[in-house]
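Take a look at the structure below.
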Amino acid sequence: MSNAAAPAGATPVVDAERITYTDGTLGVPDVPIIPFIEGDGTGPDIWRAAVRVLDAGVAAAYGGRRRIAWLEVLAGEKAQARVGTLLPEETLDQIRAHRVAIKGPLTTPVGGGFRSLNVALRQQLDLYACVRPVRHFRGVPSPCRRPGDLDIVIFRENVEDIYAGIEWPAGSDQTLALRDFLGERFGVRVREDAGLGIKPISRSGTRRLVRRAIQYALAHGRPSVTIVHKGNIMKYTEGAFRDWGYELAREEFGDRTISWQEVAERHGGTVPAGRLLIQDAIADIMFQHLLLRPREHSVLAAPNLNGDYLSDAAAGIVGGIGMAPGGNIGDGYAVFEATHGTAPKYAGQDKVNPGSVILSGVMLLEHIGWEEAGLAIVSALEDTIAAGRVTYDLARGAERDVEVVATSAFGDAIARRLAAG
Ligand code: NAP
């Protein structure tokens, strides 16, 4: 197959193949075609730097035996300009065909305008788990004294909850009709000038998310999964999320997991060896725990909105969203992405940190089983920061002398380390 779009000026890749998916397992050729969306705003800057690092990491780990054939697909402003639509069907088809993709940030206006492209992508491909590993990287300035204590992986439900997008503006026909229905049928009073949104959380949606979190924790030797919820107030959505999470753990992983209640009642407060602890925390206290008792949490499973807030708060503790990667994963499809936005005021300035998209690429490499390349990149990234060559955001708050470098120079420095071995 030869349909992989090579970077501008490069020789087209002729031996590239598609990643396959059979019986729940990815089949990854030595030269997989991987679609990428450059992104809006600072997206092109960070992607240019990141792709050099990712290619250098694969080359460092596998010599010429493996490489990635990047295939550009369009979304956002570039798609609008070239083909007149923000999310072309062709882009979704290409991601479906190739299974695994990576993207830069895409613009979403607040209030009116089009619905988020990111949300649309997640929903159309049913990428139900947003996975956000958060840990400290050597040399990154943090507002906390011991940022290294925080080492968590957040599994955030990605397609339900208020992000399902079931909401209407105040005064609209839909809102007024729903308001009447609620009043007549259930005696519920809603002000006439209110907007209305609906928050669906299902048993099936919760179970598949928590299943993924538990599978991850078991596969990576993590000690616990914390189910985060606001079930004291929203009993039949967030509270049910907790109950369904425990139920799933009991039913499908009963011989390998143990609940906090069982630990307290039958094991004197100590988790027995070989068991994964399943615990839960109310969302507001979870924010405190991130700061005060981070070592008590390892993998978090959360509904959409709580997971959203927690992910950025956790990223702040370890030094900011410039270094926070993410992946949106479903059954058979995965799209990895920089977790920050388009930072439009810096667009085209070759200034911002490409760390988030680089580390999202590391997640992609792990996802396709190329862990060696991912490890090499993380090590070169940490060494570059430790050597004091950093983008402006990592210089801010640094308690040592550092040299502020451009996006491209930061990427080059990492790629050079990888090439040097
Ligand atoms: P943002 O683009 O993430 O930028 C907020 C601030 O975060 C920036 O001003 C900058 O802070 C810092 N920042 C962001 N990216 C950085 C990077 N690579 N390196 C260093 N610092 C970085 O958030 P926003 O301004 O709220 O959103 C802008 C647009 O992006 C909106 O349209 C929003 O909807 C969209 N968005 C997209 C995604 C996505 O595609 N997944 C996610 C979030 C937001 P300082 O100026 O203080 O240095």
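When a ligand or atom number is given, it counts from 1 through the structure's own listing order.
- Both the backbone and the side chain of T342 come within 4.0 Å of ligand 1, judged by heavy-atom distances.
- Listed by number with element, the atoms of ligand 1 under 4.0 angstrom from any heavy atom of K345 are 9 (O), 46 (O).
- Residues E337 and S360 have side chains that never bring a donor and an acceptor to within less than 3.5 angstrom of each other.
- Under the 4.5 Å side-chain criterion, counting only non-hydrogen atoms from C-beta, D151 is in contact with R222.
- Taking a 6.0 Å sphere around CD of E192, one finds it holds 12 or fewer heavy atoms contributed by other residues, nucleotides or ligands.
- Residue P344 touches ligand 1 through its side chain alone, judged by heavy-atom distances below 4.0 Å.
- Using a 4.0 Å heavy-atom cutoff, T42 is absent from the residues neighbouring ligand 1.
- Considering V210, L209, D243 as possible partners of L248, the one that fulfils the side chain to side chain contact (heavy atoms under 4.5 Å, CB included) test is V210.
- Within ligand 1, counting atoms from 1 as listed, the ones closer than 4.0 Å to a heavy atom of K103 are 40 (O), 41 (N).
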Please report the C-alpha distance between Y128 and R212 in whole Å, then the side-chain angles of each, then the deciding distance to 0.1 Å, and finally whether the side chain to side chain contact (heavy atoms under 4.5 Å, CB included) criterion is met.
-> CA-CA 10 Å; Y128 60 83; R212 218 169 238 290; 3.2 Å; yes
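- The closest side-chain donor-acceptor pair between T107 and D40 falls under 3.5 angstrom.
- In terms of polar-atom proximity, I46 is not counted as a contact of ligand 1, lacking any N or O under 3.5 Å from an N or O of the ligand.
- For the residue pair N118/K103, the side-chain donor-acceptor check at 3.5 Å is satisfied.
- Each of the following atoms of ligand 1 lies closer than 4.0 Å to a heavy atom of E337: 41 (N).
- Any N or O atom pair closer than 3.5 Å counts here, and G341 shares at least one such pair with ligand 1.
- Within 6.0 Å of the CZ atom in R400, the count of heavy atoms belonging to other residues, nucleotides or ligands exceeds 12.
- Under a 4.0 Å criterion applied to the non-hydrogen atoms of I321, ligand 1 contributes the atoms 3 (O), 7 (O).
- Under 4.0 angstrom from ligand 1, the non-hydrogen atoms of N118 all belong to its side chain.
- Taking only nitrogen or oxygen atoms, main chain and side chain alike, T339 does not reach within less than 3.5 Å of ligand 1.
- For ligand 1, the polar-atom distance check against T107 finds no nitrogen or oxygen pair separated by under 3.5 Å.
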